[in-house]
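Report on the following structure.
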Amino acid sequence: MIIRIRQKQIAQLMSNGERLDGREFEKYREIKLEMGVIEKAEGSARILLGKTEVLVGVKIGVGTPFPDTPDKGVLTVNAELVPLASPMFEPGPPRENAIELARVVDRGIRESNAIDLEKLCLVPGKTVLVVFVDLYVLNYDGNLIDASAIAALAALLNAKMSKYEIEDGEVKVKPGYIQLPIQNYPIAVTFAEIDGKLIIDPSLEEEMVMDARLTITFEKDGKICAIQKGGTGQFTREQIVDVVKIAEGKSLEIRKLVVKD
Amino acid sequence: MIIRIRQKQIAQLMSNGERLDGREFEKYREIKLEMGVIEKAEGSARILLGKTEVLVGVKIGVGTPFPDTPDKGVLTVNAELVPLASPMFEPGPPRENAIELARVVDRGIRESNAIDLEKLCLVPGKTVLVVFVDLYVLNYDGNLIDASAIAALAALLNAKMSKYEIEDGEVKVKPGYIQLPIQNYPIAVTFAEIDGKLIIDPSLEEEMVMDARLTITFEKDGKICAIQKGGTGQFTREQIVDVVKIAEGKSLEIRKLVVKD
Amino acid sequence: MIIRIRQKQIAQLMSNGERLDGREFEKYREIKLEMGVIEKAEGSARILLGKTEVLVGVKIGVGTPFPDTPDKGVLTVNAELVPLASPMFEPGPPRENAIELARVVDRGIRESNAIDLEKLCLVPGKTVLVVFVDLYVLNYDGNLIDASAIAALAALLNAKMSKYEIEDGEVKVKPGYIQLPIQNYPIAVTFAEIDGKLIIDPSLEEEMVMDARLTITFEKDGKICAIQKGGTGQFTREQIVDVVKIAEGKSLEIRKLVVKD
Amino acid sequence: MPKSEDKLIDKNGLRIDGRKLDELRSTKIEVGVLSNADGSAYIEQGKNKILAAFYGPHEVHPKHLALPDRSLLKCRYHMAPFSVDERKSPAPSRRDIELSMVIRQALEPSIFLEYYPRTSIDLFIEILQAHGGTRCAGITVASLALADGGIPLRDLTVACAAGKVEGKLVVDLSDDEDKKGEADVPLAFMPNLNAITLLQMDGQLTVTEFEKVVDLALEGCKQLYKIQKESLKAKYVVGEGE
Amino acid sequence: MPKSEDKLIDKNGLRIDGRKLDELRSTKIEVGVLSNADGSAYIEQGKNKILAAFYGPHEVHPKHLALPDRSLLKCRYHMAPFSVDERKSPAPSRRDIELSMVIRQALEPSIFLEYYPRTSIDLFIEILQAHGGTRCAGITVASLALADGGIPLRDLTVACAAGKVEGKLVVDLSDDEDKKGEADVPLAFMPNLNAITLLQMDGQLTVTEFEKVVDLALEGCKQLYKIQKESLKAKYVVGEGE
Amino acid sequence: MPKSEDKLIDKNGLRIDGRKLDELRSTKIEVGVLSNADGSAYIEQGKNKILAAFYGPHEVHPKHLALPDRSLLKCRYHMAPFSVDERKSPAPSRRDIELSMVIRQALEPSIFLEYYPRTSIDLFIEILQAHGGTRCAGITVASLALADGGIPLRDLTVACAAGKVEGKLVVDLSDDEDKKGEADVPLAFMPNLNAITLLQMDGQLTVTEFEKVVDLALEGCKQLYKIQKESLKAKYVVGEGE
């Protein structure tokens, strides 16, 4: 019931072109990004997107490749919605929201070939490097996908890994570190649909009343590399085409915050 | 309460030698059997026993033998009572009914040596073929054991496997397929006891009111190779001896439906 | 409420220097210890500490070492509070009480170097012996830690293991048995604090009303090798110092029951 | 960029299963195939073989999940262990959990859930054989299972993927095309309401390509919608025209 | 067909543990061995060492499992990790779950569950050492635990296996005989009611052999029944005859 | 006995991170760092980085866990997968479960739980980076999170370890000292109440050494207590002295 009332208020505001927190429809909240915050991780980044706070750690280990990609390293993205981040989160194994979050971020990284996985192969079919990207949500105030995707890219760019060599069939660690080979920079841009109108970077209050969500991820050359519609609402073909165009421009702006030339 | 009333009706009918669906006490429902229905599986069969419907798929993979049978392949039978099959089934890991079903079907196949497991050994103690028999119940209308056992035998008879060879200690797949080596044809025959009387192939309504259940599995030479009493009722020695004799004859009839000479 | 009343009764008694079962504050219940009760286990012991009954079995298997101790065998202590032991225990994976019990007993054995783990290494970094110590609680009447620790030490002293050798990189079992190499004898001594007073070896009724628990484990040379405070109460520095001194003497007495010179 | 040497599209512009670029796989649907479920349907789309059925609306367990103003739609996408090349463990994978969620969200807008407050509708989609596009075929057949069971719907929901394979835009990708192709866009649609209720994408497409792919997928949906309606007619309108 | 070179039966017709074909293993039973449980008993049958105990009748958790007309019997067959040659993981195996079920079904007919509606009786069987025939010995000792706790019984339930080893029909198979023999038929029985409440079979037997094996098992049950009753007498009738 | 060739204490009596034997690691605390939680705090103690926050007092789920006379304190000690050298699986280990319990027991005596019967307080301690002594630092920061959220406390709880490294008694062991040293004694304390609420020990110490180690840990606690109070002041007493 409370949600219904809130929905009306927000829709009312939006019909006047306004949002609860005073933002324009196509404006992100302030993004604060800090890299290298966890020294024990090979790479790390902490993002504040408004009050949404996500910490991403990258760990690199030795493992076996998937049978169908014997000459490539392995990428594993995992999300934890730890319960201190929100009264809505509960301890325990990841549920569908955490799984969706991890998989959408994974898709952006994977489909844009952001990591040059072929460089992570040590012995084809036997031994490769495994890149664990752990999304750790510390405060939930809406739009976890964009915040996590940005922080994940930043953590990957921040990641240094040991030099590995194979000697007599055994993995040896050599002195020194090299950069994790990153060759693309996927950026996710998320919209919420409320009462037929589309706003970017929804806050938690906006997410609570939204009908549907649409995330478009762009790679550095302006191609779309992942899309995810969420929520139980619907879009028209025209809405989608519009959203894609706005998202394309936004992705350029955000990429500049993460990737310094 | 409703079950009590139903039990009285069914017992009443049975005292007149009748069953709810008009069958004689020792008569199976119609059996429809279709083989090779899942092209991706090495073997498959779908059975309709009245309205009870079970799909069985056989998959063959490479694995390690059990330590106490280093020169034999491995047989694994698994049953899933998927929730679309009945309002009584719930999602999640198999419970005792599914486990019993799998283990009774497994016992018939295993104790009759239906699969020549020694032919599935590639490197003794190291590498053998693993035969997965998955019982997939699609509609539950009673007597899952017999339906599953028949379909499992049919799926095994239907199964073709790749030719494997060991080269330099590695498993290689050769072109072509061969029949899975089947050397016996176990058939399970199940009775329900209601109000002291024994009926074959109980329907769901009969199972709901039965006191006990007895399944006897016969191998091709007429030997018993597995027995399972179910339910919280009881049998006398004489009832068991009688049931075994009837079941022996029935197993011959049913085996003809599955194994064509 | 009932616990409150019981607590008053017990505190009342204790203010007169008495306990429910008539024991002195620093007196253990009768200890009955039987070794070699499970012939299938490499070592075993059954203890009765008053009515508390614990069966400990030691199994020895072949496994891989931990990466940071490549030349040492592995010790694994596990506790099961099986539900026949108490109406408070439930089936299922170990909960925090069982985990604490196992870890406190483990710590005493591990920190005193009771097992000469270096003698359990077969191939450094690859193959070692694994010692499983399973604490199996059969009747719970208080002070599971001391009872389990005593029985675990007795079971280790009772343990005989096969002679293993490495031939061509494979583990071979030779004829004959040797003693598991035990080089220290940790003894745990537990106190309960009730209403500011400290009593040794609390019974279940005393545990139900105690404020806090303190376990000190001594190794054979009189050094402390493990401590665990339990319960939601508190201790002063002085109480702890006092308890440690009493426990030291008690550990000598109890050690004589287990280790025969 | 194609990930394999095998040609997925031949010099005549035909795909490995002989289809034209804008041609759907052969699709057969049967409605009302299971006797226990409250509604059920079965689809074969190419080599995909999928069964959908539901129970409900009925009481919710556990009760505290019940919604005061509408029915709770639950959905489980589940693959039989023998449905894929390598035997699949019966435990739900992370992919299974995500697909269960997006399928539920694709179907929810079509259902008058508000007619049945405090109840649940439990929908099960069983993939008996998988060969690419199972989430779309699962939505298509699940919508018919709901219709079969008399659940009031705003429209049927129909789903179809389109994508890019060896530089060509194609509709209704099969397993090989999905795995080796450049992009895959599954989409669910309610034709009468002009509403897209599922949209995902894997791979890489320019914005222009993406728009064309969406149109291909929508066209596929419209064709499948006809087959959906015929399958209902075949069950419910014996011996007469629409 | 024997599965090993080792002879399980020697030329004098004696079994590896020295028993005759129709001879039970040495069996000791003690009733009322645990102080917390509402009833308990302990059996050593050959090298099997098994403890059974129960709590109840008491309130059911969770409540919705309660039965309006009788007590709910729960049963857990559980093996200690050190009870077998290779350490057993404490998590219940599929075998454990099946045995828990058939043991429960074997005992239920003996209990006047209708005396205690809306309650549960929670029975636990702990296999401390296993050496063949633990499900039967578990039933035999569990029935005594129930009797020890004053649960009203129609009759004691007693269980014994018989089978075929190296061509001979034998009673009460030990571990080696079970593993290497040709057939094993565990059976539970209520002697005064002439009721068989557990019957399973592994292996191969002709119909004629099977009938003889059932009779051997029944005969074994009758002998164990005497030991059961003596164990109750030893606990409850101190210093006088029956 | 030292377990490694590396010297943990140099000839000048300084530890590998340059500290004196009785010197704490550099410690920074910030109170009130998360906007959603009802109270929160963050600590950096050496390389440890730990966040604590709680929700409550609120209704208990499931209800039957509620206590009639006080609030139920729940506590979860949890390590981020990237907090340690080898990636840690997110599933709770046995160590995590034990630490969650002893931390809860260390904090309970400080809280007026009796003010909030039938409710629960859910406390979460997230180890973002671990470098020795996380349980102590976790207690220190969790107590501040409770204070930040206005939970009435008898005293702040503060925790610090002391132990023995290469024959010397030292305070506040870092990761290397903990792993390679001879003994580690974590201790929690309420200074104003003179109450020790957590005490554990690993390693080997004579009784005399143990007493000295306890005193070192208590001294460490007293120093950290000052930092705790200053961190509260920094949040709540802007621009004035105590």
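Reckoned from all heavy atoms, side chains included, excluding hydrogens, waters and symmetry mates. All chains are named by letter (A, B, ...) in the order of the sequence lines, taking the proteins before the strands, and each is independently numbered beginning at 1. Since we're looking at a predicted model, the values are computed, not measured.
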ask   = Is chain B contacted by the side chain of E/Leu73, its backbone, both, or neither, given a heavy-atom distance below 4.5 Å?
value = neither
request  = Enumerate by number any residue of residues 240-248 of chain B whose heavy atoms lie under 4.5 Å from heavy atoms of chain E; in the absence of such residues, state 'none'.
outcome  = B/Ile240, B/Val241, B/Val244, B/Lys245, B/Glu248
query = In terms of heavy-atom contacts, does CD of B/Gln9 have more than 12 from other residues, nucleotides or ligands at under 6.0 Å?
reply = yes
key: Over all atoms of both residues, closest heavy-atom pair of E/Met201 and B/Arg107   = O-CD, 3.9 Å
Most chain B-contacting option - heavy-atom pairs closer than 4.5 Å, from E/Val207, E/Val102, E/Thr206 = E/Val207
ask   = Checking B/Asn78 against chain E: side chain, backbone, both or neither under 4.5 Å from a heavy atom?
value = both
note = Ranked by heavy-atom pairs below 4.5 Å to chain B, first place among E/Ile97, E/Val214, E/Thr208 goes to E/Ile97
ask   = What residues form a side-chain contact (heavy atoms from CB on, under 4.5 Å) with E/Asp96, not counting sequence neighbours?
value = E/Tyr77, E/Met79, E/Lys88, E/Pro92, E/Ser93
From CA spacing to verdict: side chain to side chain contact (heavy atoms under 4.5 Å, CB included), E/Arg95, B/Arg103 = CA-CA 8 Å; E/Arg95 177 181 174 273; B/Arg103 284 175 62 84; 3.6 Å; yes
ask   = Is the shortest side-chain N to carboxylate O distance from E/Asp202 to B/Arg110 below 4.0 Å?
value = no
inquiry  = What residues of residues 203-220 of chain B make heavy-atom contacts with chain E at a cutoff under 4.5 angstrom?
reply    = B/Leu214, B/Phe218, B/Glu219
ask   = Would you find a donor on one side and an acceptor on the other, under 3.5 Å apart, between the side chain of B/Glu111 and the backbone of E/Gln204?
value = no
remark   = To the nearest 0.5 Å, atom OG1 of B/Thr232 lies from atom CD of E/Gln105 at 7.0 Å
key: Residues E/Glu182, B/Lys223; criterion salt bridge (charged side-chain N to carboxylate O under 4.0 Å, His left out); working and verdict   = CA-CA 12 Å; E/Glu182 293 99 289; B/Lys223 285 187 188 160; over 6 Å; no
request  = Taking heavy atoms only and a threshold strictly under 4.5 Å, list by residue number the residues of residues 184-199 of chain B that touch chain E; give 'none' if the list is empty.
outcome  = none
ask   = What residue among E/Leu199, E/Asn194, E/Asp215 forms side chain to side chain contact (heavy atoms under 4.5 Å, CB included) with B/Arg237?
value = E/Asp215
ask   = Quick one: what part of B/Ile99 sits under 4.5 Å from any heavy atom of chain E, side chain, backbone, both or neither?
value = side chain
ask   = Between B/Gly233 and E/Pro109, what is the shortest heavy-atom contact and its length?
value = O-CG, 3.9 Å
message = Using a 4.5 angstrom heavy-atom cutoff, name the option from E/Glu108, E/Glu86, E/Met190, E/Arg94 with the most pairs to chain B.
response = E/Arg94
remark   = Highest number of heavy-atom pairs under 4.5 Å with chain B among E/Leu187, E/Leu205, E/Thr197, E/Val185 belongs to E/Leu205
